[in-house]
**Q** 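Dropping a structure here in structure tokens format, bear with me for questions.
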Amino acid sequence: MKDKVRRGGGRNQAKTAVISMTEGKNAGGIKHQEDTSFPVKIQGAGVEPFELQVHGFWLVQDAVMTLYSRDEVCPRSNLSLALAGATLDPLAELQSVKGLKPGALIRLVEEPYTANSARLHLARVLELLRASGPQDALREGRSPSVLETLTHTQTPDSSLPNGKSLKRSLSNTKTESSTQDGPPEYLLPGSSERPLMAVLPHSSQPDAPCYLKDLSVSCWNPPPGHRKLQGDFLYISVVTMEGRRCDITSCPKGFFLNRSTDDVFDPRPAQSSPVCHCFTDLLCHISTAFKQTFTTLKNRLQLPPVEGMPTPYHTLSWLGPPCASRTHKNTFSRLGIDEQSARQAPDWNEELQAARDLPQGSLEERLQRDRALVQVNSAFVRAVMQGAETVIDGFVEPVNGNPDDPAFLLGGLFMSQGAASAVFGGERGRRAAQRLELKGVQAYSDLEGLEGLHTLPTAVVDYRGVRLSAQGLAPGLEGSETDQDTAPASRGLLYGVNAGPQESPHRRRLLALLAHAAKSLSLQRHVIVGHSGHQVPLFTSVDAQGLLGADGRFYILDVFRSFPADANFCPEAKTESKTITGEDEMKDSCEEQGESKSCIKDGWPENYHTDSGFPRNYPHSLCRLRPELLQAFIQHKHCQFTQRVRELLDENGGFEECATAGDSRATNAVRAACKDVGSVSDIIFEMRFNPNIFSPGISFPPGESASTNLQERLLSEAAAFIITHQIPAFVEYCLKSHEAPMEGASLKQALHQLGINLRYLGHVVKALSQSEHKNCLRHIMRSVIGEIFVRSSIRVFNGFLQGVDVPCLSAAVSHFLCCLLVPHFTPTSAGEETKKKSRRRGRVVGTSESTPWSMLTGTELWNLVCQDAIETYNISDSLGSGPNHLVEHYGLQKLSLLREFCLKTGVQLRLRDYFLDNQSKAPIGPDDILNIFPVVKHVHMPTVDASKAYRTAQNSIQRGLLAQAHEQLKEAAYLFGRVCDDLHPEACYCHSLLARVAFIQGKTAEARSVQQKAVVISERVLGFDHPNTIQQYALLAVYMFAGGETALAQKCLLRARLLMLTVHGEDHPYTATLDSCLGLVLTGEQTGQYLKNALRLNTSFFGLIDLHTALNQHLLAQWMCSRGDYRSAMAHEKEALSAFTSLFGEDHPQTQCSKEFLGTITKQAVQVERSLRQAGADCTERAVECLTPTTDTILEQMVLVTGIRKITQSDRFQEYKQKHLERKAAAARELGFKLPYGPAASETVNVEGKGQETGCGKEAEDGGSPAAIKMESEQEQPMKEVSGESTAVVPANGHVVEPAEQDQHEGETDVMNEGSDGTAEVKIVNGESEARAEGEEAETCVQNGVKWSKVNGEIKSDASCEAMKADEKNGITNGTASPPILKSKGTWAEVVVSKGINGVK
């Protein structure tokens, strides 16, 4: 039943649909679904009558599954619905049932059981009785949610057994929950204590009660033949809490008590024993204690769905329960239900392809398809986890006889390690091939609009140092086994090097699909020389194969080399030809040789090999470029292309003359620019890459030499682009970001978003150390060095585990960790400790000194780690001589390194405090290693409609349409709930952004509720200590403080700070953000400590002339005023005023606010000094009431500090809008048109510019938080004026990439007016759509927190190719739009605008 529910989607799907539809009643764009809902009355089957809200588009079986999830019905099953005495067809839609109307009475009918349905009913009962306890999540290695425990305030419940209170006292462990006496010492600034016990406080949920002493299969099972003929399915033995032993018979009518005992078999029904359709009804009849506890279970407080429902994928918790042993025995495992269901091996490929083939015509169909895909993939991943444990633990024999590459068949899975080929680099190459295969499957699976090309369900799992590749079983080739002598086409192999020349309709269809996929993936069609000398045209890498399966579907396999090679790690890419210094030199050199493509082979910049050290060797030969890098490189080349077109047009009479004359000069300019930038087409800009370039053993025909040389040049340029552009962009982003990477996961995400592979970590270290701001980047250097150290350690650890026997795993892992983290650790203490414990337990084991793993010392391990770091990352002395060097030189925490190591290897530690500097005794013992869990990398299924609604909302926020964005975010949240029950990372970002928008609109209660959900999702899906969870806690604290819950806000901020200290340490910019908020919500001396620490951190990272530093100065001055220290307050406010003046100018509202506050402080200081002189020394200073911040002021400051709303750093946006309107008005006057939006719009812009810059902490006269955040009514209309420029259409690879979906509620006139600018420009310039400036060659500006870069005259948003992608993905966007400023002379823009106005008029 469990598998059926998960894969079929019945219970959870219907339950989520009801919940989501109830919550999403105001979501735009989905009202047509809600209009079909109506209530019906349910009764029968022994349940109390109740009302159910159903939807007309539901099937009858959907309604049944919804009923199964209701507490009134659970755990009953095998029910049908009847209306007016007629049983309803399970596959009929409710809206098509005659007589079914609102208020209709539907009866539940108990259907007879079959042997299988009876077992499914028992499985359903066991699922209910196995209600997870507070420690179950940790015991199973799943990340728990701590928010409910943190905010729990429930009073004791006398109905619970033994009168236990639901409110658990947290005083017995170190925790941050107590704030009445101030924060604990370990959370104060400067503390070096890192208690792990406080990270996971004891849950407030009650322990699971005991229902039965034992529940198992009876010794008389299975029924004998004559009892089978009378309907007996199963005999069950039960021991109640009262000690009574009973035997129960399962039959078609239900369950009844028989007369059998341990010694006598008597299957006759016992006297006065009823036949109950539900198993729990019979147990309640037998046992009074079961009836009481079961009633308590059904009446318990239900957890929200995001807390109670299982996550689609396993999120590892690296900390386990404090007690390693079970607190209670599993009384239900002996029933055999789990083993029975496990025997049914599903066909994972058929299930996945059937889900992909579901219809997509309507929104409801697409939601059901997306949900089915998520459910099938999550069930597949769970099966892979279980299969990996079973295989590597030795419970399955390989199906082949190859010991070097064993293959296994288990549960419908094909699992193998893959062959270690010397061509690819041995073991490292094998692991890389498995990972790249998964990435290739992901790339082909994500292609939209490409139905018909299929990939097998694929996952990669690491367990106990072994990496396995798992796939669903392939359907087999089309054609019978007797046709072995026929052509390959009839046997299904249609594409690939080994397919041979053939022609068939199936092959043509497959080639069309592959051509479409190649265009989407920017892959070039090319020709290689096959094994027999014939030429083979390819759209993919040489390894890929295209098959026609026995199920009639086209499959593509072996896609691990789908992406182009990284020339930086291909030594054969280094040429002796002269390097080029730029596009002009290349062009001149080409002209001198007479051929446009005779000199394009070498694409390296000048002195590149000397400065960077690339190309160089790598431990394996499967270094490929990331797709994000390809897209960024294409955008970069497009900028060069448009710039080159403009230069050529200017040389031939100017842009205006060439665009309007209709001669061939514009066409020739485009052709020349295409050749210069390396476009594969001579008439349009189109970038394609050959994945087989720089691949060993592949030859190309002579006719492909020009194309091959061009591809080698392009790949060299792309590789150099990582070093010259992307890594400096990452460094620049980290230099300015307050939410920079904190640990390995966030560092990996930030690098991958820029297309930087982790093999470049060594070069990132080099770039950071050579930066003139390297002290400000010390937190990034710390994270990068820690990541290098952990990854090199894991590679050593994988080989270390291969020589360890299973009984010694715990001791070996603990010994390895001690050698890794304790300086100069020797194996003596670990060996003796293991020996003593083995003797105490009475186990006979060999002496640990005799095993190879126990002889490993800390020095030897450190040398191995450093050697791996040198080979992989090309760093020699960065790691130093031991772990203490990392601590002293980089400020790394051993606890943070331990956390990273455990998360990446699946090791789970016992929850206790570890003292890793203790050299006299092993700080980590064998009993501290609770488990090793498989770590699975899997394909991420798309949530198309939900993600599209989320991006549309982000676009609306960029344009300032907050009311519109609020509705779109509610719709996106509803769609995420329908598809994945909100348990998805992007759903977390969506809810967080929805809470921000709701808060900005003044809906504090909604913001708090939605943000609580975002915190729980982040804890369960990303991890309880993930950096995103830390940020979500900080935002929740703001909304709680806004609602008057100051104590809870303090708890959330202290929780965030505790996690921050555990994950990274105190020396990080985001710690300054948390400390600023803590300084605002706390009272007493701690306020000053946190504010001073925040100022110290911000000053050290960003300097004095920085917005956050200036805000810190102001907050500190405000606190000192409240304490009467006006002299110090004046000094800090002067620093703040100086910074605001430098950042914004003297006329900016923020500067004026600071100036007024400084004047008020000065006056107050003079008054206090005068009163002291007049009254004498006995007069005590006191803070004047007007200088004590109000709650509204504190809230406003928290909103600014956390970045919920940001201060614009210049008025260029208003200048741009004014200039844009003036230009349009001038064009209209010149051409005789009337502008629809004239002076009125300009006046609105001026109004908008006022009142938006706040946050200096003034009193209620400034309007407080609500007035300061009021944005919608003042911005919505003027933002429509610039919507066209802020969402420009960017052509790439020969086709136009549409911007985010335009809002359907916008006026048609506005859309046409502004949208015409981009399209007309593309027509004139043949691919150019970037806005340009006048008199600025290369600069970077920040407007409203969104970064725009201008390079070579091209303006591009960092949202597409810079590091601000991370902020955008996490929902960190601003309330105002920041389009680039136009840099043109006006003529072409006037023509375009005039045509747009003419079209509208």
Side-chain angles (χ1 to χ4, degrees), residues 143 145-147 150 176 199 315 733-734 736-750 753 779 783 954 984-1000 1007-1008 1010-1042 1048-1066 1068-1078 1080-1081 1094 1097-1098 1101 1108 1198-1206 1345 1363-1374:
S143 178
S145 175
V146 186
L147 178 62
L150 196 69
E176 70 275 20
V199 173
T315 305
Y733 158 68
C734 294
K736 297 183 178 181
S737 173
H738 289 260
E739 298 171 352
M742 302 177 188
E743 40 79 78
S746 52
L747 175 67
K748 175 182 175 182
Q749 182 184 25
Q753 285 174 344
H779 58 299
S783 298
Q954 286 181 311
H984 189 279
E986 200 169 7
C988 173
Y989 309 143
C990 176
H991 281 83
S992 180
L993 187 57
L994 175 59
R996 288 190 183 199
V997 173
F999 178 78
I1000 289 174
R1008 180 193 185 280
V1010 174
Q1011 185 63 30
Q1012 275 188 301
K1013 194 173 184 180
V1015 171
V1016 174
I1017 296 172
S1018 183
E1019 286 183 317
R1020 300 195 62 213
V1021 174
L1022 296 174
F1024 68 88
D1025 55 353
H1026 191 273
N1028 181 74
T1029 304
I1030 299 175
Q1031 298 172 7
Q1032 300 305 328
Y1033 264 111
L1035 295 174
L1036 178 60
V1038 177
Y1039 307 146
M1040 285 184 166
F1041 184 82
L1048 292 180
Q1050 294 173 359
K1051 289 182 179 181
C1052 291
L1053 288 172
L1054 291 175
R1055 170 74 181 169
R1057 196 176 202 277
L1058 174 63
L1059 296 178
M1060 186 74 207
L1061 295 178
T1062 304
V1063 169
H1064 183 93
E1066 191 176 77
H1068 191 277
Y1070 199 72
T1071 307
T1073 300
L1074 297 175
D1075 286 356
S1076 298
C1077 293
L1078 282 168
L1080 288 170
V1081 300
L1097 290 174
N1098 276 329
F1101 283 115
H1108 282 74
M1198 290 180 68
V1199 168
L1200 290 176
V1201 167
T1202 53
I1204 296 176
R1205 186 177 56 80
K1206 300 180 181 178
M1364 295 302 288
K1365 278 184 178 178
D1367 287 354
E1368 184 182 8
K1369 183 173 183 180
N1370 287 278
I1372 304 173
T1373 51
N1374 304 310

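Excluded from the calculations below are hydrogen atoms, water molecules and symmetry mates; all remaining heavy atoms, backbone and side chain alike, are included. In this chain, numbering begins with 1 at the start of the sequence shown.
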**Q** Treating S1018 as the side-chain partner and T1029 as the backbone partner, does any N or O pair qualify as donor plus acceptor under 3.5 Å?
**A**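 Checked: pair present.
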**Q** Distance-only, no hydrogens or angles: does the H1068 side chain make a donor-acceptor pair with backbone N or O of P741 under 3.5 Å?
**A**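 Yes, because the side chain of H1068 sits within donor-acceptor range (under 3.5 Å) of the backbone of P741.
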**Q** Looking only at non-hydrogen atoms, find the nearest pair between C1077 and V1201 and report the distance.
**A**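 Looking at all heavy atoms of both residues, the shortest contact is SG-CG1, 4.1 Å.
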**Q** Calculate, to the nearest 0.5 Å, the distance between atoms OH and CD belonging to Y733 and E739 respectively.
**A**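 The distance works out to 7.0 Å.
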**Q** So, the side chain of Q1050 versus the backbone of L1078: is there a donor-acceptor pair under 3.5 Å, distance only?
**A**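 Judged by distance alone, no pair lies under 3.5 Å.
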**Q** Tell me if a side-chain donor or acceptor on H991 pairs with a main-chain N or O of A987 at a distance below 3.5 Å.
**A**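 Flag set: sc H991 to bb A987 pair under 3.5 Å.
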**Q** Does F999 reach the side chain of V1010, with side-chain heavy atoms less than 4.5 Å apart?
**A**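 Of all side-chain heavy-atom pairs linking V1010 with F999, none is under 4.5 Å.
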**Q** Considering non-hydrogen atoms only, spot the tightest contact between I1204 and R996 and give its length.
**A**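 Closest approach of I1204 to R996, heavy atoms only: CA-NH1, 4.4 Å.
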**Q** With respect to I1030, which candidate in T1071, L1058, L1059 satisfies the side chain to side chain contact (heavy atoms under 4.5 Å, CB included) definition?
**A**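 The single option meeting the side chain to side chain contact (heavy atoms under 4.5 Å, CB included) with I1030 is L1059.
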**Q** Mind checking whether L1080 and F1041 have side chains closer than 4.5 Å, heavy atoms only?
**A**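 No, too far: nothing below the 4.5 Å cut-off.
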**Q** How far does OG of S1076 sit from CG of L1097, to the nearest 0.5 angstrom?
**A**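 Separation between the atoms: 9.0 Å.
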**Q** Could I get the full list of side-chain hydrogen bond (donor to acceptor under 3.5 Å, both in side chains) partners for H1108, not counting sequence neighbours?
**A**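 By the side-chain hydrogen bond (donor to acceptor under 3.5 Å, both in side chains) rule, H1108 matches H738.
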**Q** Using the test ring-ring contact (aromatic ring centres under 6.0 Å, His included), find all partners of F1101 that sit at least two apart in sequence or belong to another chain.
**A**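 ring-ring contact (aromatic ring centres under 6.0 Å, His included) list for F1101, sorted by chain: H779.
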**Q** By side-chain hydrogen bond (donor to acceptor under 3.5 Å, both in side chains), which residues pair with S145, not counting sequence neighbours?
**A**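 Per chain and number, S145 pairs via side-chain hydrogen bond (donor to acceptor under 3.5 Å, both in side chains) with E1019.
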**Q** For the pair M1198 and V1081, evaluate side chain to side chain contact (heavy atoms under 4.5 Å, CB included) and give the outcome as yes or no after the intermediate values.
**A** CA-CA 9 Å; M1198 290 180 68; V1081 300; 3.6 Å; yes
**Q** To the nearest 0.5 Å, what is the distance between CE on M742 and OH on Y1070?
**A**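 OH of Y1070 is found 6.0 Å from CE of M742.
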**Q** Hey, what do you get for SG (C1052) to CG (L147), rounding to the nearest 0.5 Å?
**A**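 That separation rounds to 6.0 Å.
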**Q** Of the non-hydrogen atoms in A1049 and A1037, which two are nearest, and what is the gap between them?
**A**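 Shortest heavy-atom contact: CB-O, 3.3 Å.
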**Q** Output yes when a side-chain donor or acceptor of T1202 lies under 3.5 Å from a complementary backbone atom of L1035, and no otherwise.
**A**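 No; judged by distance alone, with no hydrogens or angles, the pair does not exist.
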**Q** Should Q749 and N1028 count as side-chain neighbours, where that means a heavy-atom distance under 4.5 Å?
**A**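 No, too far: nothing below the 4.5 Å cut-off.
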**Q** Closest approach of S783 and L747, non-hydrogen atoms and distance?
**A**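 Closest approach of S783 to L747: O-CD2, 3.8 Å.
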**Q** Check whether any side-chain heavy atom of R1057 lies under 4.5 Å from a side-chain heavy atom of D1075, and answer yes or no.
**A**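 Yes - at least one pair of side-chain heavy atoms lies under 4.5 Å apart.
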**Q** Listed by chain and number, what are the salt bridge (charged side-chain N to carboxylate O under 4.0 Å, His left out) partners of R1020, not counting sequence neighbours?
**A**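 Salt bridge (charged side-chain N to carboxylate O under 4.0 Å, His left out) check on R1020 returns nothing, list empty.
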**Q** S992 and A1014: which non-hydrogen atoms are nearest, and at how many Å?
**A**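 Shortest heavy-atom separation between S992 and A1014 comes out as N-CB, 4.0 Å.
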**Q** If the condition is salt bridge (charged side-chain N to carboxylate O under 4.0 Å, His left out), which residues does E743 pass it with, not counting sequence neighbours?
**A**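 Salt bridge (charged side-chain N to carboxylate O under 4.0 Å, His left out) check on E743 returns R899.
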**Q** Rounded at 0.5 Å granularity, tell me how far CZ in R1055 sits from CG in D1025.
**A**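 Spacing of CZ (R1055) from CG (D1025) equals 8.0 Å.
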**Q** Roughly how far apart are L1074 CG and Q1031 CD, rounded to 0.5 Å?
**A**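 Going from the CG atom of L1074 to the CD atom of Q1031 covers 9.0 Å.
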**Q** Taking all heavy atoms of S143 and all of F1024, pick out the closest pair and write down the distance.
**A**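 Reported closest heavy-atom pair: OG-N, 2.8 Å.
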**Q** Under the side chain to side chain contact (heavy atoms under 4.5 Å, CB included) rule, collect the residues that match up with A998, sequence neighbours excluded.
**A**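 Partners of A998 by the side chain to side chain contact (heavy atoms under 4.5 Å, CB included) criterion, ordered by chain and then number, come out as H966, K1003, E1006, A1007.
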